[in-house]
Amino acid sequence: MMTRLTPDLIEGVPDDKLDLDSRLLKATGKTVKGIALEAADLPPDTDLSRFSASVVPITSGQGIISGFSDSVNAIVSRLDMRSAVTEGTDVLGFSQGVDAGSDIIMMADDRKFVAYNTRERKYTDNSWGTAKGYAVALKNAAGGLEGKQVLVVGAGYVGTWAVQFLRDMGADVSVTDIIYQKAVRLTEYGAKPIRDVAKAIEDHVLLLNAAPFIIPGELIAEGSIISSPGVPHYYDQLGRSKAQAIIHDPLEIGAAVMAVKSASYSIKEDE
Ligand code: 2YC
């Protein structure tokens, strides 16, 4: 079951009230755009201003989340792409995005959030983007992951991708989940499953927390770096005092990575 955002969690995103870039720069040395370009395997000086995006509000299922389309639109604009929310929703909105000649169309129902590249007929999705972005953030915060022990908490959509990306970065990855069988399944990606969730957390200083799990401060090892896309997001005073860095945002890193990766499909090798 995908974690569903609520308006209060994203109300600060359109105007960047969280000032995410300065927090990310402190923890990782990179801005959201820098993380997204690295996650999309693009050069750090890539100019994205030639790309245009449409954000289509989708009313299916549990319906519109107030502020979601405006947040995605603001996130894409901060990447220096041209972006707008379509006037229509659903199929009408999608057709308006195509008619506007948008390179990328972004939309989310209750099950999937995609960035569709209209030229290359390929899409990226938010689970992939969130996992890649938070793995890149952890790598930058830790000064590289080659040969280092990393724990992924949560073997869901994001955790499963995160295991693969962290392994690609050379990390020695363990995975834990309250449903042990879900962790065991990730051995096929080279992760070591750990049944005791609490002990796994205590034994690691590099964590990617992709679970809707509030980690009690008692379990957090001194000097931990926690890359934490999971929602709900909360760390108590003890946890915050023991951690060296806790990286989190409710939507931005994942949405930025999926948008930049989608655009990258239109950037040919020779460019
Ligand atoms: O406003 C709209 O267009 C809604 N249909 C958006 C629904 C998004 C549901 N998904 C989530 O809340 C989270 C997001 C971070 C993306 C994945 N799950």
Side-chain angles (χ1 to χ4, degrees), residues 1-18 20 24 32 35-36 39 53-79 83-98 100 102 104-116 123-137 152-162 165 208-214 227-234 247-262:
M1 210 285 277
M2 306 280 285
T3 309
R4 182 174 169 88
L5 287 170
T6 52
D8 59 302
L9 290 176
I10 55 174
E11 67 185 351
V13 175
D15 301 332
D16 191 24
K17 291 208 183 81
L18 297 170
L20 183 56
L24 265 184
V32 171
I35 298 258
S54 284
V55 181
V56 185
I58 302 296
T59 64
S60 68
Q62 298 184 62
I64 299 277
I65 297 176
S66 170
F68 180 79
S69 293
D70 286 341
S71 293
V72 175
N73 188 46
I75 290 164
V76 174
S77 301
R78 287 199 276 269
L79 298 167
S83 183
V85 179
T86 58
E87 181 265 329
T89 65
D90 306 300
V91 178
L92 174 62
F94 178 82
S95 68
Q96 289 168 341
V98 174
S102 298
I104 296 166
I105 296 181
M106 298 182 76
M107 51 193 162
D109 62 16
D110 296 344
R111 300 298 303 273
K112 209 160 170 100
F113 174 16
V114 300
Y116 176 64
Y123 72 87
T124 54
D125 84 79
N126 186 258
S127 297
W128 183 95
T130 301
K132 188 69 185 286
Y134 274 83
V136 166
V152 173
V153 182
Y157 291 111
V158 172
T160 300
W161 277 118
F165 296 137
L208 193 147
N209 178 18
F213 173 45
I214 291 174
S227 191
S228 196
V231 173
H233 171 79
Y234 172 76
I247 299 158
H248 173 76
D249 83 277
L251 179 60
E252 186 137 4
I253 288 174
V257 170
M258 66 194 275
V260 174
K261 181 67 179 180
S262 188

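Each ligand, and each atom within it, is numbered from 1 in the order the structure gives. What's counted below: heavy atoms across the whole structure, side chains too, no hydrogens, waters or symmetry copies.
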Relative to atom 1 (O) of ligand 1, which among T89, I65, V56 owns the nearest non-hydrogen atom?
I65
For the CD1 atom of I35 and the CD1 atom of I247, what is their distance to the nearest 0.5 Å?
7.0 Å
Matching residue for [X] among [options] - test: side-chain contact (heavy atoms from CB on, under 4.5 Å):
X   : options            : value
D70 : V13, I10, V55, V85 : V85
S83 : V72, I104, N73     : N73
I58 : T89, D90, I64      : D90

Examine the proximity of ligand 1 to T3 and report which part, side chain or backbone, both or neither, has a heavy atom under 4.0 Å away.
backbone
Where ligand 1 meets [X] - atom numbers and elements under 4.0 angstrom, heavy-atom basis:
X    : answer
I64  : 1 (O), 2 (C)
G63  : 4 (C), 5 (N)
P57  : 3 (O)
A108 : 3 (O), 4 (C), 5 (N), 6 (C), 7 (C), 8 (C)
F68  : 1 (O), 2 (C), 6 (C)
D109 : 7 (C), 8 (C), 9 (C)

By side-chain hydrogen bond (donor to acceptor under 3.5 Å, both in side chains) - contacts of D15 (at least two apart)
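Partners of D15 by the side-chain hydrogen bond (donor to acceptor under 3.5 Å, both in side chains) criterion come out as none, since no residue qualifies.
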State which residues pass side-chain hydrogen bond (donor to acceptor under 3.5 Å, both in side chains) with D125; sequence neighbours excluded, sorted by chain then number.
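Once residues adjacent in sequence are excluded, D125 has no partner under the side-chain hydrogen bond (donor to acceptor under 3.5 Å, both in side chains) criterion.
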Backbone or side-chain N or O of [X] under 3.5 Å from ligand 1 N or O:
X    : result
N126 : no
I58  : yes
L5   : yes

Heavy atoms, side chains only, cut-off 4.5 Å: are S71 and L5 in contact?
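They are not in side-chain contact.
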Measuring from non-hydrogen atoms of A255 to any atom of ligand 1, is the shortest distance under 4.0 Å?
no
More than 12 heavy atoms of other residues, nucleotides or ligands under 6.0 Å from OH of Y123: is that the case?
no
